[in-house]
Structures are given as structure tokens and as C-alpha cells.
2 protein chains.
Amino acid sequence: MKDGPDIARIASLIGDPGRANMLAALMSGKALTAGELAREAGVRVQTASGHLTRLEEGGLIARERQGRHHYFRLADTDVAGVLEALMGLAAAKGQLRTRTGPRDPELRRARVCYNHLAGEVGVMLYDGLRARGVLTGEGEGIALTDAGRAEMAALGIDLSAASRSPECKSCLDWSARRSHLAGRLGRGILDFTFAQGWAMRPEGTRIVRFSGIGEGAFRKAFNV
Amino acid sequence: MKDGPDIARIASLIGDPGRANMLAALMSGKALTAGELAREAGVRVQTASGHLTRLEEGGLIARERQGRHHYFRLADTDVAGVLEALMGLAAAKGQLRTRTGPRDPELRRARVCYNHLAGEVGVMLYDGLRARGVLTGEGEGIALTDAGRAEMAALGIDLSAASRSPECKSCLDWSARRSHLAGRLGRGILDFTFAQGWAMRPEGTRIVRFSGIGEGAFRKAFNV
DNA sequence: AGAATAGTTCGGTCCAGACCGAACCATTCC
DNA sequence: GGAATGGTTCGGTCTGGACCGAACTATTCT
């Protein structure tokens, strides 16, 4: 029939375990080098190089050369969105959870979703801000109220991030199956959280680990 | 690393051209038999049977036996959502559109997205209903207003559909890259449109083809 | 019952592509 | 310059899985 877009091409790119691991690693939002991604995928660097070339040709990732390093990142937030959606399906359909990893609980609690906060804490933030009238609307149509914008500015959160992404956006969570906050505000809040030292990111994971004090300060700041 | 859900398993299921074609065919919302799906995918029935078993085991489709026929449909709307999202990416990244099919313009104009209306007409409907205050909110949080519910009832649109799906829901369109209306209301409106004879569906496609009169009546009824 | 139709299972072929060793290119450091 | 480091390209191996013919099972029709 061959009607509509060719989804098999994209899906098969994601469908290789090695490449999938690389993409999952890039969901951390950090740009990673070929070597790091090779370790992530558990393959030799030559193999990884081949995968990365294919992913780049497929438009899923972007490459940036910096001296002898090649940094890779997801091509755009659309790609991140599809990956997160796939994680949602996989988590739902995963045959009886193939031995949930040791880090799973922490990932469900709070993690980075490309450039913003996901997991229970992300959902809590989203719900809290909406309940308090900082945000209005829902889903794609979500927006900061004037009061909300003032509040964020008072905290010192940077919304300027030179990017085409909308100020606010919601993103579906694979673990909680609920929306959380993306867009420039989502990114600004996550950056702010790290800048304040409220949370740190264990090397090489998507986990966002709050300190006891940090979590308290975070909840107080955003009143959730 | 193996953190988070195993997306490669699902993605590789979708990543085979034959299976992808079958899934795309099932996006029409109709339950199809193994033989029909084999034709759709362009493979022999034995091969299709194998694919269908794998898709079923993977939780992407559901099987219903009826006499000597086996009917297959997408497992749930989540699967449809991921497929539509993948189509969005594929359409965006598709290297210079590998020769858009002859039916492409019609598909972009109006098509079935699992059980509701998508394409330009679907987006127009969504925007129109929101502009007129039949719907309030956006994205996931969209809902019928009381006035809107009355109006739909007056037209005779059935919202009862015994399903767990929400009354209203928005769904991202691969062609227009905009939201359109899903959920029980979306389904009710599409069913109603066919019941009124305003549009028909060419056999074996996702196309929704309005007649001249039908389109006029549709626009008048929903005031778009 | 026998014939026709719809699907599945089995066995075997075949190929795309994942993988790695080795050689090669590019950049940085000393 | 030479050595070290990070990536890519090339050539060859090997396997998963897509595919189909043939045989088999299940259901319906007459």
C-alpha cells in the first residue's frame, strides 16, 4: 500500500539494541562523544561509528565536531518525544518487566527527559504549578499566567533560552503516564535546580538525585 | 546501561516493512483478517501469520477469532498514538519525501486516525470547535463545555461508546503537525459523519472522501 | 461425509546488517 | 617533528530473521 510516511525506516533505526541504547543515553540531553556512546551501547567504537552515521543520515541525531571529538545529540525535541512515547509503550507492554534494573526506582522518581524534569517529581511540579495558577491550560496549550511569569522571574529562572521551542509544553511521562512540564520553562527550571545545587546527576545516567535539603528547597520554591 | 524500558524490542517490531505496513493498515481502525493484512504487506499468508504472532506477543495488536477468521486490530489507542507520532517524525525526516504516493494529497486532506478524523479537515474541526467554545482547554486537558455537550446531543452524536477512553482527547497529526480531536467525541463525530452519508471511505485506505454536498453539510453542522 | 476456505506450523534458503580487527585519517600535546 | 588520542573506513565473518513451499489443523458449506 505504501500510503503515508515510511515509519519502518525510522523504527528500524531505533529497533537495534545498540542504537536504542545510544538514543536512550542521549535522552539525558547531554551531547556525548562517539566513544562514550560506544561504551553505552556495549560495542566497539568502530561499530558505534557506523551506527552513529546511520542515525545521523536518518535525521535522528545531530553531530558537532569539536577538534578531534565528535559530539552527538538528539536532532530535536520531536525525536525525544517519540523516544519517550516509545518508552511509555515499552513500559506498558514490557512482558512482566524483564527484571527492572536496580536504578529503576530512582529513575521513576526523578530523571532528565532531554532537557527538563520527568518522573514523579516532574509530574508533581506540573500539577502543583497548575493548581496554583502559575500555569493555565493543559497539554500543548499550556501557558504561563502573568502572575506565573512574574514569579519565575523573581526566582531568577531564565526563560530566554535561544531556541524555537515554545515557552511551555507538556510531555508524556513513561513511568507515571502523566504529563510533565517541557519547553523553555521546563528547561529553565531544571537548569535552575542544578544551579542551586538542589540536585545532582550521577555520572552517565538520567537520574536526578535530590539531596534532602535540596528537595525541601525545591518544594518550597515552587510550592509543591 | 539498560536503564529504563526496552524500546528496541517494540521499535524493531515496528521496524520491519511488512509489519509496519500491517500496522499502518490497522490505523484505519478496522479489524482486518490475516489474509487481508498479508495482501497489505505484500507477503504470503504464512509470512504474515508469523508477523502477526510476533506483533501479538509484543502487545501491539489484539486477535479475535471468529469462526475460521482471525481478526486483528491495534491493541489500544496508545499504540495508535505512537504510530501516528512515528509517522510525524518520518514525514519530517523523510529524506526529501521518497516520491509521495498518488493518494497522498487526499490522505493529508482527511483520513481516519484509528477511530477518529485526522488531516486538514480534522484540524479544522478541532480549531473550529475550540474557537466557538464547544471545547475548552487544549491538549490532553480538553473538554466539552456544557453548551457543547448539548449541541452534540442535539445533533444526535453518540458519546456513550463503551470504552475507557476519555470523552475528549487530542492527537497529533502527522501531516498537519497540529492537534486534532480524538477520544469518544472524536469517534462519535466520525461515526456520525459516515452515518449521515457525508463521506465515504475508499476500500482499503485510510482516506475519508467527502462528497461536495457532504462537506457542506459537515461544515454547516459543526460550523467550521 | 467431502470439498473449499482461512490460518498455522515446519523446514529450508538466503541475505541484510551487526560486529570486530586492522589500517588509515585528524587533531592535540610535548 | 613524533607520540598519543579519538574517529572513520575497509574487509571479512557470522547470525537473526524474513521469506516461501508444503504439510497440517480448524471451520464452514453443501
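In what follows, chains are A, B, ... by sequence order, proteins preceding strands, each numbered from 1.
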> Would one find a side-chain N or O of A:H70 under 4.0 angstrom from OP1 or OP2 of D:dT8?
Replying inline: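 Affirmative; the distance criterion is met.
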> Do any side-chain nitrogens or oxygens of B:R63 fall under 4.0 Å of OP1 or OP2 in C:dT8?
Replying inline: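 The answer is yes; a side-chain N or O of B:R63 sits under 4.0 Å from OP1 or OP2.
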Round to the nearest Å and state the distance from [X] atom [atom1] to [N] atom [atom2].
X: B:L52; N: D:dG17; atom1: CG; atom2: C1'; result: 16 Å
X: A:Y71; N: D:dT8; atom1: OH; atom2: P; result: 13 Å
X: B:L13; N: D:dG16; atom1: CG; atom2: P; result: 17 Å
X: A:R39; N: D:dT5; atom1: CZ; atom2: P; result: 16 Å
X: A:E56; N: D:dT8; atom1: CD; atom2: C1'; result: 12 Å

Could you tell me whether a side-chain N or O of [X] sits under 3.5 Å from a main-chain N or O of [Y], the two making a donor and an acceptor?
X: B:S211; Y: B:G214; result: yes
X: B:T193; Y: B:I189; result: yes
X: B:R206; Y: B:S28; result: no
X: B:R19; Y: B:H51; result: no

>> Each nucleotide in nucleotides 12-22 of chain C should get exactly one letter: B, S or -. Can you fill that in based on protein heavy atoms under 4.0 Å?
In response: -----SSSBBB
> According to the salt bridge (Lys or Arg N to Asp or Glu O under 4.0 Å) rule, which pairs have a member within residues 207-217 of chain A, sequence neighbours left out?
Replying inline: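 Passing the test, one end in residues 207-217 of chain A: A:E106-A:R209, A:R109-A:E215, A:E215-A:R219.
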>> Going by side chain to side chain contact (heavy atoms under 4.5 Å, CB included), name the residues that satisfy it together with A:Q46, two or more places apart in sequence or in a different chain.
In response: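 Only A:R44 meet the side chain to side chain contact (heavy atoms under 4.5 Å, CB included) criterion with A:Q46.
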> Partners of B:A217 by side chain to side chain contact (heavy atoms under 4.5 Å, CB included), sequence neighbours excluded?
Replying inline: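 Checked B:A217 against side chain to side chain contact (heavy atoms under 4.5 Å, CB included); matches are B:W198.
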> Per the side-chain contact (heavy atoms from CB on, under 4.5 Å) rule, which among A:L83, A:I7, A:L60 passes with B:L89?
Replying inline: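 For B:L89, the side-chain contact (heavy atoms from CB on, under 4.5 Å) test succeeds with only one of A:L83, A:I7, A:L60, which is A:L60.
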> With a 4.0 Å cut-off on heavy atoms, is A:T33 in touch with a base, just the backbone sugar-phosphate, or nothing at all?
Replying inline: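 Result for A:T33 = sugar-phosphate.
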>> Holding to ring pair (Phe, Tyr, Trp, His ring centres under 6.0 Å), I want the full list of residues that pass it with B:F218, two or more places apart in sequence or in another chain.
In response: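 Partners of B:F218 by the ring pair (Phe, Tyr, Trp, His ring centres under 6.0 Å) criterion, ordered by chain and then number, come out as B:F210, B:F222.
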Nucleotide N/O of nucleotides 25-30 of chain D paired with protein N/O under 3.5 Å:
none

